[in-house]
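Counting starts at 1 for both ligands and their atoms, in listed order.
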Amino acid sequence: MQDVKTYISEHRERMIQELIEILKIPSVSADPAFSQDVFHMADAIKKSLETAGCDLVEICETAGFPIIYAEKTIDPTLPTILVYGHYDVQPPDPIDLWSSPPFEPVIKTTELHPDGAIFARGACDDKGQMYMHVKAVAYMISTGQLPCNVKFMIEGEEEVGSKNLAGFVKNNQEKLANDIILISDTGMIANDIPSVTTGLRGLSYVEVEVTGPNRDLHSGLYGGAVANPINILSKMIASLHDENNRITIPGFYDRVAELSQTEREAMAAAPFDLEAYKKALDIDAVYGEAGYTTNERNAIRPTLDVNGIWGGYTGEGAKTVIASKAYAKISMRLVPDQDWETITELFKTHFEKIAPKGVKVTVTRHHGGQGYVTPIDTIGYQAAEKAYETTFGKKPVPQRGGGSIPIVSLFEQELKSKTILMGFGLDSDAIHSPNEHFGIWNYLKGIETIPYFYQYFTEMSS
Ligand code: BES
Ligand code: MN
Ligand code: MN
């Protein structure tokens, strides 16, 4: 892999331009208005894997958006790496807050990305990171340096809960057989502090509806005499945390794996600047569960957050009204060994129970999944560590992440293999937010580091 740096400098402009092209396709999986674009995006990924030199590239239709499967087999006795990524993106809203249109990529420099960053929805999550793998494999194939077999599985429904991927994985265990799964869909601490994500949180996502009177009422004629669903919903939500910011749902913490003092100390050793964190978010204090640090709160502790709440009159001016209904969308981030379906049931039972007389409550579950922890005493982790050491000049910090990729625990269950999460994004890259971007340096560093993972993993496996 000696020539990877030279290769990247020679192909830099082309590799950036090709990423820009796929970022122009608005593959928003959540919004049916973009459905054609999502299919179009699947075709573009298929072409890029063919161009990269894979022997077999298939578009696997599902009840939703297709899964792209590809492989390059050089010798069945050598190890096989399965690369997973997603080509769908989050909706770009609120569009007004973007400084340039979300599907018209532009390169701008930022404080953290002095070499420039590509601004576009999906730049980091996950088109840019997924594409690093396509480019890294293209490099290895074209220079005759692919040291092992590789398979790709790139889906188009990650941002909406990977509904059809689970069935695909269960039905294609042999096809997807592998020695390790490699994913770049997370982040790292900083460009000079590489890290490998060693854990993901699970998720339970629910929607609640509180119904009071059978119609919207005059807030003077009826105010004070009937339950106002918005007031009640607010009260119910407020009661879900106690004064220590612990979640009050009975049984919620029963299965939470507590970390040992040694593990907590190891976590605390990872570089973290609380002042810079507050400054970046323009907040004067952090907030969360008593007894835990910020890094613990957003990685090893479970949460319950309202993601959206609505009801009543929200238009211009004032309207005196008591709404018939109020709604909220609530996510719970879960940690090992919480089971997302059990937690969803606990939530439902509790939320229905705390509803006062005078309102009706319904709880609908959306999607969810289990958390995941990657052990670090495996050759997979050690190969990743060595790859970062080669290209960054220092060992990566193992770090549990707060986000979720629910399909990862299913991979372990169905394919019996571990996942290595080599993320090259930064928390400040604004994934899911307006002005999402991905550093050019990060993109190229990913392309440079991935081939070393292949090399070391193959060497360590023999
Ligand atoms: N790539 C993210 C997850 C992520 C980002 C994990 C950064 C760790 C660090 C993924 O695309 C995502 O957004 N997942 C969703 C869950 C999904 C079921 C919609 C999430 O975490 O909200
Ligand atoms: Mn993602
Ligand atoms: Mn995402």
Side-chain angles (χ1 to χ4, degrees), residues 23 27-31 38 41 64-65 83-93 102 120-133 153-166 182-190 195-207 295 298-300 302-308 329-335 340-341 343-344 365-374 397-411 419-434 436-438 442 446:
L23 289 171
S27 50
V28 179
S29 49
D31 184 347
V38 186
M41 183 65 202
F65 296 120
V83 176
Y84 162 84
H86 63 95
Y87 64 81
D88 64 322
V89 300
Q90 285 277 326
D93 320 64
R121 170 57 85 231
C124 179
D125 184 12
D126 178 40
K127 288 180 184 173
Q129 297 216 69
M130 173 265 292
Y131 220 53
M132 298 179 315
H133 289 269
M153 178 170 62
I154 313 294
E155 70 154 321
E157 299 184 308
E158 195 277 342
E159 299 292 8
V160 288
S162 302
K163 288 188 281 292
N164 293 295
L165 187 66
L182 189 57
I183 303 180
S184 295
D185 193 22
T186 55
M188 58 179 189
I189 298 176
S195 58
V196 171
T197 303
T198 52
L200 294 163
R201 287 196 284 192
L203 179 69
S204 163
Y205 201 107
V206 296
E207 185 163 329
N295 273 338
N298 67 28
I300 59 158
T303 66
L304 185 154
D305 278 296
V306 178
N307 293 235
K329 291 183 193 280
I330 296 173
S331 69
M332 288 165 277
R333 295 284 169 173
L334 310 175
V335 299
W340 79 273
E341 302 200 73
I343 293 293
T344 308
R365 80 185 219 184
H366 279 281
H367 51 65
Q370 310 294 86
Y372 182 72
V373 179
T374 311
V397 180
Q399 201 194 35
R400 298 256 301 254
S404 309
I405 313 177
I407 205 72
V408 172
S409 71
L410 188 111
F411 290 160
T419 292
I420 300 296
L421 298 155
M422 292 175 63
F424 293 89
L426 301 182
D427 282 355
S428 53
D429 287 347
I431 65 170
H432 295 206
S433 304
E436 174 176 356
H437 53 280
F438 188 37
N442 302 67

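For Asp125, the nearest N, O or S atom to the Mn ion (ligand 2) falls under 2.8 Å. Taking 2.8 Å as the criterion, Asp126 does not count as a coordinating residue of the Mn ion (ligand 3), since none of its N, O or S atoms falls below it. The Mn ion (ligand 3) lies at 2.8 Å or more from every N, O or S atom belonging to His86.
Distance from atom 4 (C) of ligand 1 to its nearest protein heavy atom, with residue and atom name: Asp185 O, 3.5 Å. The protein non-hydrogen atom at the shortest distance from atom 19 (C) of ligand 1 is Glu159 O, 3.6 Å. Taking atom 22 (O) of ligand 1 as the reference point, the nearest protein heavy-atom neighbour is Arg333 NH2, 2.7 Å. Looking from atom 16 (C) of ligand 1 to the surrounding protein, the closest heavy atom is Ser404 O, 3.6 Å. At the top of the distance list for atom 11 (O) of ligand 1, counting protein heavy atoms only, stands Glu158 OE1, 2.7 Å. For atom 9 (C) of ligand 1, the nearest protein heavy atom (residue, atom name, distance) is Thr186 CA, 3.8 Å.
Using a 4.0 Å cut-off between charged nitrogen and carboxylate oxygen, Arg365 and Glu341 count as a salt-bridge pair. A salt bridge links Lys329 with Glu207; the closest basic N to acidic carboxylate O contact falls under 4.0 Å.
Counting just the N/O/S atoms of His432, the one with the shortest distance to the Mn ion (ligand 3) is named NE2. Restricting Glu159 to its N, O or S atoms, the one at the least distance from the Mn ion (ligand 3) is OE2.
Remark: Thr419 OG1 to Leu182 CG distance equals 9.0 Å, nearest 0.5 Å. A distance of 13.0 Å separates CG in Asp185 from NZ in Lys127, rounded to the nearest 0.5 Å. Once rounded to the nearest 0.5 Å, the distance linking CD1 of Ile420 with OG of Ser184 reads 11.0 Å.
Counting heavy atoms only, Pro406 comes closest to atom 18 (C) of ligand 1 of the residues Gly369, Pro406, Gly423.
No donor-acceptor distance shorter than 3.5 angstrom exists from the side chain of Gln90 to the backbone of Val28, with no hydrogens or angles considered. A donor-acceptor pair is defined here as one N or O able to donate and one able to accept, closer than 3.5 Å; such a pair exists between the side chain of Thr303 and the backbone of Arg333. At distances below 3.5 Å, not a single donor-acceptor pair connects side-chain atoms of Tyr84 with backbone N or O atoms of Glu155. With hydrogens and angles disregarded, a donor-acceptor distance shorter than 3.5 Å links the side chain of Asp429 to the backbone of Leu426. Between the side chain of Ser404 and the backbone N or O of Arg201 there is at least one donor-acceptor pair closer than 3.5 Å.
Between the side chains of Thr198 and Thr374, no donor-acceptor pair is found at a separation under 3.5 Å. Remark: the Asp305 side chain and the Ser331 side chain contain no N/O donor-acceptor pair separated by less than 3.5 Å.
Ligand 1 is never approached by Leu421 to a heavy-atom distance shorter than 4.0 Å. Within the 4.0 Å heavy-atom cutoff, Gly403 counts among the residues contacting ligand 1. The closest approach between any non-hydrogen atom of His432 and ligand 1 is below 4.0 Å.
Between Gln90 and ligand 1, no pair of N/O atoms sits closer than 3.5 Å. Inclusion of Asp125 in the set of residues having an N or O under 3.5 Å from an N or O of ligand 1 is warranted.
Taking every non-hydrogen atom of His86 and a distance limit under 4.0 Å, the qualifying atoms of ligand 1 come out as 11 (O). Against a heavy-atom cut-off of under 4.0 Å, Ile431 is close to the following atoms of ligand 1: 5 (C), 7 (C). Each of the following atoms of ligand 1 lies closer than 4.0 Å to a heavy atom of His367: 18 (C).
By the 6.0 Å contact criterion, CG on Asn295 is enclosed, its count of non-hydrogen atoms from other residues, nucleotides or ligands being greater than 12.
By the criterion of a heavy-atom distance under 4.0 Å, neither the backbone nor the side chain of Asp126 is placed next to ligand 1.
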